[in-house]
There are 2 protein chains.
Amino acid sequence: MRPSAFLSPLAPTGQLPEPPLGGASGRPVAIYARGEEIYGEGAPANRLFRVMFGAVRLYRLLPDGRRQIGAFYLPGEVFGFEAKARHRFFAEAILPTGLATIPPSADPEFTRALLTVALSTLARTQLHLEVLGRQMACERVAAFLVDIAERSGGERVLTLPMQRADIGDYLGLTVETVSRIFSKMKEAGLIRLPNSRRVEILDEAALRRLGGHPLSWDA
Amino acid sequence: MRPSAFLSPLAPTGQLPEPPLGGASGRPVAIYARGEEIYGEGAPANRLFRVMFGAVRLYRLLPDGRRQIGAFYLPGEVFGFEAKARHRFFAEAILPTGLATIPPSADPEFTRALLTVALSTLARTQLHLEVLGRQMACERVAAFLVDIAERSGGERVLTLPMQRADIGDYLGLTVETVSRIFSKMKEAGLIRLPNSRRVEILDEAALRRLGGHPLSWDA
DNA sequence: CGGGAGATTGAGCCCCGTCAAAAACAGTGG
DNA sequence: CCACTGTTTTTGACGGGGCTCAATCTCCCG
């Protein structure tokens, strides 16, 4: 499969200038257990992380407990930057996860690379915004599946690292709705579900039709 | 009023390093008419804009015509950067609007300033995401009003540059719902509506309670 | 004063959230 | 290997918040 430059701008496919942000080269990898907090809201934001393996969720909590997951990070992707000195999100490992730490640097080359990553993250967040603002539940799930498929290498069979509740909190839906839509998609022959964590995409074109226009900014 | 460093990071309050991105100093200002397109989807993204007066909406269209407004830009704010070489959004003047153009530069100082702006924009987009993903219609409208109030100087009486349809497409709601909620808020004594474009905030605390926690990342 | 765009209000319906229960699954210890 | 327990997922029934459709009202501006 052709790597989508946009959906995987942070992946180790070579788009990111390797020297400043890239080097996992010899850097120590910290291991986090499933569910372990990487940093919390209010923690000082003084370093970046690159996912070496596993997966990470970034989220915020409303006072009454509602949770919005802002992003998932898969192997190769970079997260942890903030506009201010402190984090406004929680970051947690979804699975046993290895993270390489990228210390900050005043090097212009580093700044440039960070800008690239920040702009890619912004672009993805804006796309996410469109999904939450203007798409129906089934379109959201379809967009999510297509996105994850692209980011995890374009395999036809993918293993979701997160559970249904995470998907719901990412898409602005309830667990029940997500589950129901998975079932509908299975009935409709769009996907197969060997088990709850594994999804085989049978009709990618139909999913893309549901999920919006992921190619319009690819040029 | 105390300027909120976060909600107005792009405003001419001095937070942004002035030399590289800041200078409206002597730069020509292009005037756009109400409704005029500043750039379209697919246009080359090769310069930034600073709003001198007026207001701008940034939006995307789904194939079937649904519109998601990703952001509004008020005087002092900067927009126009993209991760790729081409725009994925449409930008339009909402009112007669004056824009100063900021040409790109390879200067490290410029890159650093651009990074600051990009990170602020990302932070705001993530907040918007939370509103769309997890808040009820009335909470969205409340959050919107508080946000606009802060960004336009914290006045108690504000003049909305955009119409109801824009607010709806920004908040993921229909015009009718936005209108109904304005009416409810008026009945409840939270706001007054001298006319449809003008909003007087009577009970800011109640609006903030509705609209989430805009102070949690202010530290 | 008339025309048109935008805003408001009403009626009805549907998608999806809520509540509840059953089913599938993952460990754990016997 | 199997009972036992807690977690996650699925499915069902029901109600409500917000969308759709449609009519009316308000405000500009000629």
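Residue numbers start from 1 in every chain, and the chains themselves are labelled A, B, ... in the order their sequence lines are given, proteins ahead of strands. Side-chain atoms are counted along with the backbone in the values below, which use heavy atoms only and exclude waters and symmetry mates.
The backbone N or O of B/A33 sits less than 3.5 Å from a side-chain atom of B/E36, completing a donor-acceptor pair. Judged by distance alone, the side chain of A/R88 and the main-chain N or O of A/R60 form no donor-acceptor pair under 3.5 Å.
Residue side chain A/R66 does not reach the base of C/dT18 through any donor-acceptor N/O pair under 3.5 Å, judged by distance alone. At a cut-off of 3.5 angstrom, counting only N and O atoms as typed in the model, there is a donor on one side and an acceptor on the other between the side-chain of B/R180 and the base of C/dG10.
Of the candidates D/dT10, C/dG10, D/dC19, the closest approach to any side-chain atom of B/E176 belongs to C/dG10. For A/S183, whose side chain is taken as the heavy atoms from C-beta onward, the closest listed nucleotide among C/dG17, C/dA7, D/dT11 is D/dT11. Picking from D/dT20, D/dT9, C/dT8 the nucleotide with the shortest atom distance to the side chain of B/T174 gives D/dT20.
Taking for each of A/N195 and A/I181 the nucleotide of DNA chain C with the nearest heavy atom, the 5'-most of the two is the partner of A/I181. Nucleotides of DNA chain C nearest to B/L193 and A/G172 differ in position, and the one nearer the 5' end is that of B/L193.
Protein atom CZ of A/R164 is 11 Å distant from nucleotide atom P of C/dC25, rounded to whole Å. The NZ-C1' distance, from A/K184 to D/dG12, rounds to 12 Å in whole Å. A/L160 has its CG atom 15 Å from the P atom of D/dT8, to the nearest Å. Nucleotide D/dG17 holds its P atom 12 Å from the CD atom of B/E139, rounded to whole Å. Whole-Å rounding puts the A/L173 CG to D/dT9 C1' distance at 16 Å. For the pair B/I94 CD1 and C/dG6 C1', the computed distance is 15 Å after rounding to whole Å. Whole-Å rounding puts the B/D169 CG to D/dC19 C1' distance at 13 Å. Atom CD1 of A/I191 and atom C1' of D/dT10 are 13 Å apart (whole Å).
For B/T177 and D/dG18, the shortest distance from a side-chain N or O to OP1 or OP2 is not below 4.0 Å. A close approach under 4.0 Å does occur between a side-chain nitrogen or oxygen of A/R197 and OP1 or OP2 of D/dT9. Contact check, A/S196 against D/dT8: no side-chain N or O comes under 4.0 Å of OP1 or OP2.
For B/Y32 and B/E92, the side-chain atoms include no donor-acceptor pair closer than 3.5 Å. For the residue pair A/T159 and A/R198, a side-chain donor N or O sits within less than 3.5 Å of a side-chain acceptor on the partner.
Residue A/S179 is in base contact, counting any heavy-atom pair closer than 4.0 Å across all strands shown. Nucleic acid contact for A/G168: none, since no nucleic acid atom lies under 4.0 Å from a heavy atom of the residue. Backbone-only engagement by B/R34 is indicated by non-hydrogen atom pairs under 4.0 Å involving sugar-phosphate atoms exclusively.
Within a 6.0 Å sphere centred on CZ of B/R34, other residues, nucleotides and ligands contribute 12 heavy atoms or fewer.
For B/F90 and B/Y39, the ring centers sit 6.0 Å or farther from each other.
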